[in-house]
Amino acid sequence: MIVAKFGGSSLADAAQFVKVKDIVRANNERKYIVPSAPGKRGAGDDKITDLLYACFDAANNGKSFRHVLERIQARYVEIAEELGIEMDFSPEFAAIEQALKNGASREYAASRGEYLNGKLLAKYLDFPFVDAAEVIRFTRDGRLMEEETNALIASRLKGLPRAVIPGFYGAEEDGTVRTFSRGGSDVSGALVARAVNADIYENWTDVTGFRMADPRIVPDAQYIATITYRELRELSYMGATVLHEEAVFPVRKAGIPTNIRNTNDPKHPGTMIRANAGQDETMHTITGIAGHKGFSIVSVEKDMMNAELGFGRRVLQAFEEYGVSFEHLPTGIDTMCVVVHEKELKPHQEEVIRRICELVNPDQVTVHDHLALIATVGRGMVRNFGTAARLFTAISSQGISIRTIDQGSSELNIIVGVDEDDFENAVKAIYDTFVRI
Ligand code: ASP
């Protein structure tokens with residue numbers, strides 16, 4: 001059985017709805033459908049969710065929001081009309097208008113995009129509609145109650161062989177609507193998949209899956225056929241985003257694979273994300289490359305540092321005291337390097353350095369800015385000898401110097417730091433070496 005989540009661009013207009021219905025119909029196993037709100041129909045268009053936030057902001061400032069709400073209503077009406085669905089949205093919109101006038105929350109406002117789209121899609125597919133407010137439970141301070149939610153979805157869907165459950169929101173015990181962060185329908189879909197113990201969680205979007213490198217840098221970067229959740233985590237931490245970060249945990253825990261698919265190219269198998277994946281002969285040594293700019297390295301040098309008990313802890317304490325979190329710690333015998341986000345460090349740089357001096361009395365502290373980190377990730381790296389050497393040769397043969405290296409002991413990931421100006425060329429060099437062979 002399959003749980004299929006469709007993103008906003010997959011449901012942006014009537015033509016997209018038709019594609020979604022075809023996809024749902026094409027496989028009888030697609031039983032539970034989780035839609036987002038209608039997204040942009042093209043450049044310059046607005047997402048329904050953004051318009052709803054705009055309504056809330058206007059209402060909150062005592063301004064009129066009627067014209068925006070009318071635009072939203074017009075979009076739903078247009079989709080319904082073009083699909084030949086008879087649905088009267090007026091009472092729904094009157095209720096939303098009234099609620100906003102009575103001080104309804106920002107999260108309630110945003111949630112109506114998915115709520116109405118869920119109703120519309122349910123009618124179009126002829127599936128029952130299950131309000132997410134009934135089954136996705138949040139605490140009073142807006143945190144997901146994962147186990148309660150799991151039980152609620154499981155029991156509510158037990159007697160329903162098919163259903164549409166809108167994404168992005170749920171509610172507190174007393175019915176107060178809460179939402180996830182932006183893009184959160186991915187999380188809703190994952191929660192439904194876990195609760196019904198789906199065989200696959202399909203995530204339908206407007207890209208054909210993950211690419212081995214950012215296509216803005218490597219335009220013809222290949223699609224990744226299979227990736228593990230761990231590899232994905234490493235890549236998304238470094239900036240490769242297709243899925244909401246929190247959408248991984250429920251399905252990963254339950255051992256359910258997530259399949260990223262393209263609504264506009266449904267024949268393409270997309271990217272399959274699995275808990276464990278074997279290594280086949282056709283696979284490249286690496287699974288993907290990701291990275292981003294905007295890091296600084298703070299190097300703390302002191303002779304015999306390695307013999308000093310608590311040295312590392314005290315250095316990190318200096319960062320902690322100023323709320324700067326560290327990303328990596330490539331450390332040598334007499335040097336400890338702390339890699340941090342430049343933006344986080346800058347406002348506190350002087351104080352942090354002063355504090356390091358007080359706490360560990362170093363020989364020298366230097367800061368190197370404008371660093372880019374590049375993660376090369378791959379479960380195939382363990383099996384292949386000399387991966388690190390190939391990687392470093394690829395980068396240095398372009399005349400790029402490597403500022404820092406960090407290899408996790410899992411042998412799943414090698415991170416290198418280069419100057420920001422060298423970032424794109426370094427990514428290309430790694431891609432060429434491992435993929436274009
Ligand atoms: N509609 C919401 C957003 O735009 C949630 C989602 O699409 O997943 O963020």
Side-chain angles (χ1 to χ4, degrees), residues 3-13 16-17 19-20 23 32-57 68-69 71-73 75-76 79 92-93 96 100 104-122 129-133 135-136 138 142-144 149 153 164-171 177-194 201-207 236 240-251 258-264 273:
V3 170
K5 177 256 166 179
F6 291 90
S9 56
S10 300
L11 292 162
D13 58 21
Q16 293 299 88
F17 268 70
K19 291 181 193 169
V20 167
I23 291 167
Y32 300 108
I33 311 299
V34 178
S36 285
K40 292 184 185 186
R41 288 162 294 187
D45 195 17
D46 289 303
K47 283 179 152 197
I48 292 290
T49 309
D50 290 322
L51 295 174
L52 286 163
Y53 281 126
C55 284
F56 170 82
D57 290 340
V68 191
L69 206 56
R71 262 181 73 195
I72 301 173
Q73 183 166 353
R75 275 194 66 182
Y76 286 105
I79 297 174
E92 300 282 8
F93 278 89
I96 297 171
L100 284 173
S105 72
R106 191 174 151 80
E107 294 179 47
Y108 164 82
S111 74
R112 296 304 87 187
E114 270 70 11
Y115 169 78
L116 292 171
N117 218 28
K119 289 211 140 174
L120 182 55
L121 184 64
F129 171 82
V130 172
D131 191 349
V135 290
I136 298 205
F138 285 85
R143 273 175 301 113
L144 171 73
T149 297
I153 302 175
V164 172
I165 310 103
F168 191 39
Y169 71 95
V177 168
R178 303 301 299 243
T179 58
F180 293 107
S181 57
R182 295 302 303 264
S185 300
D186 285 345
V187 187
S188 312
L191 292 168
V192 174
R194 178 186 165 205
Y201 169 36
E202 287 180 347
N203 194 294
W204 291 85
T205 172
D206 53 6
V207 295
S236 16
T241 48
V242 169
L243 257 189
H244 191 294
E245 211 180 22
E246 288 156 45
V248 162
F249 299 105
V251 271
T258 301
N259 190 191
I260 308 290
R261 301 284 295 264
N262 189 348
T263 301
N264 305 315
I273 313 163

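We're numbering straight along the sequence, starting at 1. We count ligands from 1, going down the list as the structure has it; atoms in each ligand are counted the same way. What you see is a predicted model, and the numbers here were worked out from it, not measured in a lab.
Near S36, the atoms of ligand 1 lying under 4.0 angstrom from a non-hydrogen atom of the residue are 6 (C), 7 (O), 8 (O). Below 4.0 Å from some heavy atom of E114 lie the following atoms of ligand 1, by number and element: 1 (N), 2 (C), 5 (C), 6 (C), 7 (O). Listed by number with element, the atoms of ligand 1 under 4.0 angstrom from any heavy atom of R182 are 3 (C), 4 (O), 9 (O).
No side-chain donor-acceptor contact under 3.5 Å links T49 to the backbone of A110.
At a threshold of 4.0 Å, the pair D57-R106 counts as salt-bridged, since one of the basic side-chain nitrogens sits closer than that to a carboxylate oxygen. Remark: R182 engages D50 in a salt bridge, criterion side-chain N to carboxylate O under 4.0 Å. The residues D206 and K40 are annotated as not salt-bridged, no charged nitrogen and carboxylate oxygen being separated by less than 4.0 angstrom.
Note: no N/O pair closer than 3.5 Å links D186 and ligand 1 by distance alone. Considering backbone and side-chain atoms together, K47 places an N or O closer than 3.5 Å to an N or O of ligand 1.
At least one heavy atom of G184 sits closer than 4.0 Å to an atom of ligand 1. Close to ligand 1: G183, with a non-hydrogen atom less than 4.0 angstrom away.
By the criterion of a heavy-atom distance under 4.0 Å, both the backbone and the side chain of S185 are placed next to ligand 1.
R112 forms a cation-pi arrangement with Y169, by the criterion of a distance under 6.0 Å to the ring centre and an angle within 45° of the ring axis.
Taking the centre of each ring, Y115 and Y108 stay at or above the 6.0 Å mark.
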